[in-house]
Amino acid sequence: MKFKLLLLIAIIAAALSPLRAQELNCTVEVNSQKIEGTDKSIFEELQGALTEYVNTYKWTNAQFSVNEKIECRIFLTVSKYEDDRITGDLQVQLIRPVYNSTYTTPLINFKDSKVEFNYARGDQLNHTEGTWESNLTAIIDYYANLFLALDFDSFSPLGGQPYFDRLASIVQMAQSSGEVGWRAFEDNKNRSAVLSSYTDAQMKPMREMLYNYHRRGLDEMVTSPDKGRAAITAELRKLPAIHQADPMSVSLSIFRDTKLDELVNIYSEAPASEREEVYKILSPLYPTDLERLELIKNPVTR
């Protein structure tokens, strides 16, 4: 009788506790339109394997309920497939909810053009922490941890540090593999450069901006638009110093690709003086985007 009572209590407790889930809700797509004369089912299999891999592995010790999952997207465009070797590019996107609203904001929108890996039909994608399994899993591990690092940074000051540390370990292992996209100074937009653009000492303000822009800015704008927008403006004032420290930092181009359209909306109803200030901050940093930036200074009237 006592056992049955304890069992009943355990069942009720499990039913009342919130559902727990893995951290990522990642949409994975593999586009093979550029490949002709090949059985496309291999790419369908790859898409399924990647979807299962990224969404079912438990990447952190944190507890996430189902509705707290981090929304992200991995879009692989295959440009070459020969002898089980796939070459292409990877577009990654990460979305964050804004508190007390239905609005979502992008945290990263980035195209990785140095993607090559081996994949044969029936290959199993395995994850062993701290171990090199394959270049494919290393790339996915890298972006899964980058998603976590940026998301956690946006909710607490430098909160993503454990995942940036893990990224550093992944990059270090990968650099000895001979695979492209990992080597320091190979180019200024590869995976090593992306990591450095957030973790080098002089780039710390970019990570601080992730928190202040989102937590003190966008989250605050829902209840106090002027206060939230002022916090965002204060963060934008830091960009010239970041640019001066490293004009070629990929984090600056990531910020442009991720946030410029959003900034147009944020400042659409701001005072003219504030719009003018933001335009003057951004236009020297992004001279090829003056048409978009002009919409900040002179928003289209609705």
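- Heavy-atom minimum distance, K34 versus V78: CB-O, 3.6 Å.
- Listed by first then second residue, pairs satisfying ring-ring contact (aromatic ring centres under 6.0 Å, His included) with a partner in residues 109-129 read Y57-H127, W59-H127, not counting sequence neighbours.
- Annotation: ring-ring contact (aromatic ring centres under 6.0 Å, His included) contacts involving residues 65-89, sequence neighbours excluded, comprise F43-Y81.
- In the hydrophobic clustering of ILVMFWY residues, with side-chain heavy atoms under 4.5 Å counting as a link, I95 and F255 come out apart.
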Compile the donor-acceptor pairs under 3.5 Å between side chains in residues 86-93 and protein atoms, sequence neighbours left out, one pair per line.
{"residue": "Q91", "atom": "NE2", "partner": "N109", "partner atom": "OD1", "Å": "2.7"}
{"residue": "Q93", "atom": "NE2", "partner": "N109", "partner atom": "OD1", "Å": "3.4"}

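- Distance check: N55 CG to C72 SG gives 7.0 Å after rounding to the nearest 0.5 Å.
- Heavy atoms from other residues, nucleotides or ligands lying under 6.0 Å from NZ of K111 number 12 at most.
- Surrounding NZ of K189 are at most 12 heavy atoms belonging to other residues, nucleotides or ligands under 6.0 Å away.
- When the side-chain contact (heavy atoms from CB on, under 4.5 Å) test is applied to Y99, the partners found at least two apart in sequence or on another chain are F155, R215, D219.
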Sequence neighbours excluded and cut-off under 3.5 Å, please list the side-chain donor-acceptor pairs for residues 279-291, or say none.
{"residue": "S283", "atom": "OG", "partner": "Y279", "partner atom": "O", "Å": "2.8"}
{"residue": "Y286", "atom": "OH", "partner": "L252", "partner atom": "O", "Å": "2.7"}
{"residue": "D289", "atom": "OD1", "partner": "R292", "partner atom": "NH2", "Å": "3.0"}

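- For T104, the side chain to side chain donor-acceptor pair (under 3.5 Å) criterion is met by no residue, not counting sequence neighbours.
- With sequence neighbours excluded, the residues forming a side chain to side chain donor-acceptor pair (under 3.5 Å) with E29 are R73, listed by chain and number.
- For A184, the side-chain contact (heavy atoms from CB on, under 4.5 Å) partners are Q175, S192, not counting sequence neighbours.
- Judged by distance alone, with hydrogens and angles left aside, the side-chain atoms of E262 form no donor-acceptor pair with the main-chain N or O of T105 at under 3.5 Å.
- T199 places a side-chain N or O within 3.5 Å of a backbone atom of L195 that can act as its donor or acceptor partner.
- Listed for the S101 side chain is a donor-acceptor partner under 3.5 Å among the backbone atoms of V98.
- A donor-acceptor contact shorter than 3.5 Å links the side chain of S177 to the backbone of A174.
- For M173 against G130, the heavy-atom pair with the smallest separation is SD-O, 3.5 Å.
- Among residue pairs with one or both ends in residues 137-153, those qualifying as salt bridge (charged side-chain N to carboxylate O under 4.0 Å, His left out) are D153-R207; sequence neighbours excluded.
- Residue pairs meeting the salt bridge (charged side-chain N to carboxylate O under 4.0 Å, His left out) criterion with at least one member in residues 74-88, sequence neighbours excluded, are R85-E116, R85-E179.
- Within a 6.0 Å radius of CD in E52, other residues, nucleotides and ligands contribute 12 heavy atoms or fewer.
- F152 and Y163 have tilted rings, their planes meeting at an angle from 30° to 60° on a 0 to 90° scale.
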request  = Go through the steps to decide whether E277 and Y267 satisfy the test side chain to side chain donor-acceptor pair (under 3.5 Å), and finish with yes or no.
outcome  = CA-CA 11 Å; E277 179 187 4; Y267 290 96; over 6 Å; no
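- Remark: E276 CD to I296 CD1 distance equals 11.5 Å, nearest 0.5 Å.
- Listed by chain and number, the residues in a side chain to side chain donor-acceptor pair (under 3.5 Å) with Q172 amount to none (sequence neighbours excluded).
- Distance check: S251 OG to I242 CD1 gives 6.5 Å after rounding to the nearest 0.5 Å.
- Once rounded to the nearest 0.5 Å, the distance linking CG of D261 with CD1 of I266 reads 11.0 Å.
- Atom CZ of R166 is separated from atom CD of Q161 by 12.0 Å, given to the nearest 0.5 angstrom.
- The neighbour count for E129 CD, taken as heavy atoms of other residues, nucleotides or ligands under 6.0 Å away, is above 12.
- Scanning for side chain to side chain donor-acceptor pair (under 3.5 Å) contacts around Q47 gives an empty result, with sequence neighbours left out.
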